[in-house]
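Presented below is the structure to which this report refers.
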Amino acid sequence: MRLSSYTALTAALGLASTADALKILMGNDDGFGSGNLRELYKLLVDAGHEVVVVAPAQQQSGKGGTVIWSETANLTIPSQYNLIPAGAPSVGRDNSSQDIWYYDGTPAACTFVALDWVLPRYYPEWKQTADLFVAGPNYGTNLGAFVMGLSGTVGATFAAISRSIPGIAISASNRAVPYFNVTGASHPAVLAAQVSFEVVNEFIENTMDGQAVLPLGYGVNVNIPTLVNGTTPPIIKTRLTGNANTDVAVYNETTGLFDWDNVDPVAAGINAAYNGDLSLPGETWVVAGGGVSVSVFTMDYTSPSNTYTELVFDKIGGLVVGEGGNGTKYSRRMVEERMRKRGAMLSGRDGGA
Ligand SMILES: *[C@@H]1O[C@H](CO)[C@@H](O)[C@H](O)[C@H]1NC(C)=O
Ligand SMILES: *[C@@H]1O[C@H](CO)[C@@H](O)[C@H](O)[C@H]1NC(C)=O
Ligand SMILES: *[C@@H]1O[C@H](CO)[C@@H](O)[C@H](O)[C@H]1NC(C)=O
Ligand SMILES: *[C@@H]1O[C@H](CO)[C@@H](O)[C@H](O)[C@H]1NC(C)=O
Ligand SMILES: *[C@@H]1O[C@H](CO)[C@@H](O)[C@H](O)[C@H]1NC(C)=O
Ligand SMILES: *[C@@H]1O[C@H](CO)[C@@H](O)[C@H](O)[C@H]1NC(C)=O
């Protein structure tokens, strides 16, 4: 995979050897007709990678990691931008490209349909996994821990990471545009894809052959500010917390309806920082300042070992039976024994289920 002698440009021109080619699964939440998605897809294909897209048949923003399957075998209404007519199967190929698929479900559902239906049936050589999952670029940024539960872009990525695939979620600041309306080299969707490619390609280039792009259970959240004049803004290492937003419910007295807004000033809870390098700037600040943020997260939500965590456990000290003494049903040793009987843990990278 190491393309050290190649620049991003030569890779973009398709000069990467097939030995360097990765199997990249893509998704998003804006829908399979997204201009951003298709532009990044083209750049990854041009760089020599095998890329399969499985993305929602309709716009599915804000669905987070929720998995909602299509309730009908065939589309009851035409897909996004009328690309697929009503009555066509709820999962299928786009007419414009063999390797771009739609599914009429949420972003995370699309990831699972990709892994458990599209890949095994149509791409058996992928062995039900991918070397890398890339979502987006989304229309609009996804900043702070709040979006870990809210964003479909992140949700689709989370689903892939949970199945042992390194995942990169990318969000940009441009507006929605169907792929067939992206014209000209300076279109915002083209620029967003170029910056996305630059970051993704850097991860790939600096991965030794045979190694995983990211450690098991790791993901990356990339956010791109509004781009001007085709120049890539500075790319900054960031953390999720720091001036990050969460919602406030806004009640309209006239309509009797609620809508959301960003809470102002920002809430302390969503910005409580415990894990990782606390000296890194928050991604929200960095993107507001015009930089590209790159945050790293893991599947493990467990709180760190510190006095706060001790304090929390201490409160139920009278109830809990400690850490489960050796030999008891709940000890780590006995639990692991039961898990072994259940079967080896699935590893997407080794061929999955
Ligand atoms: C779905 O559409 C296919 C043709 O694409 C048709 O053969 C099938 O009967 C349809 N299924 C349902 C449940 O309508
Ligand atoms: C895509 O393919 C379906 C099924 O073959 C067809 O009904 C539909 O008209 C095609 N759409 C376009 C835009 O070509
Ligand atoms: C695509 O561009 C055409 C021509 O500018 C415009 O009429 C149409 O509304 C655009 N489609 C969408 C879905 O934005
Ligand atoms: C972008 O280009 C315009 C016109 O050439 C120029 O006025 C502006 O300063 C440039 N902006 C940046 C951020 O380089
Ligand atoms: C409440 O809803 C009405 C009707 O949609 C709208 O005209 C009004 O601006 C809204 N009020 C506020 C404070 O947003
Ligand atoms: C429990 O058993 C493990 C080995 O299985 C051992 O390393 C550990 O020290 C034991 N813990 C206690 C509290 O006895």
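Both counts, for ligands and for their atoms, begin at 1 and track the order of listing.
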Completion exercise
The salt bridge (Lys or Arg N to Asp or Glu O under 4.0 Å) partners of Lys23 (sequence neighbours excluded) come to Glu50
Fill in the blank from the handout: Taking only non-hydrogen atoms of Pro89 and a 4.0 Å limit, the atoms of ligand 1 in range are 5 (O)
Handout entry: Minimum side-chain heavy-atom gap Pro233-Val292 below 4.5 Å
Key = yes
Exercise for the section: Flag the pair Val52 / Tyr122 as yes when at least one side-chain heavy-atom distance between them is below 4.5 Å, and no otherwise. Expected result: no
Practice task
Find out whether Trp101 and Trp117 are in side-chain contact, i.e. whether some heavy atom of one side chain is under 4.5 Å from a heavy atom of the other.
Solution key: yes
Completion exercise
Contacts of Arg38 meeting salt bridge (Lys or Arg N to Asp or Glu O under 4.0 Å) (sequence neighbours excluded), chain-then-number -> Asp94
Exercise for the section: Give yes if a backbone or side-chain nitrogen or oxygen of Asn181 is under 3.5 Å from a nitrogen or oxygen of ligand 3, and no if not. Expected result: yes
Handout entry: Side chains of Leu132 and Val200 in contact at under 4.5 Å (non-hydrogen atoms)
Key = yes
Practice task
Report all protein residues having a heavy-atom distance below 4.0 Å to some atom of ligand 5; order the list by chain, then number.
Solution key: Asn252, Thr255
Practice task
With sequence neighbours excluded, tell me which residues meet side-chain hydrogen bond (donor to acceptor under 3.5 Å, both in side chains) with Ser171.
Solution key: Asn142
Problem - Numbering as shown, the atoms of ligand 3 that approach Pro178 to under 4.0 Å (heavy-atom distance) - result: 11 (N), 12 (C), 13 (C), 14 (O)
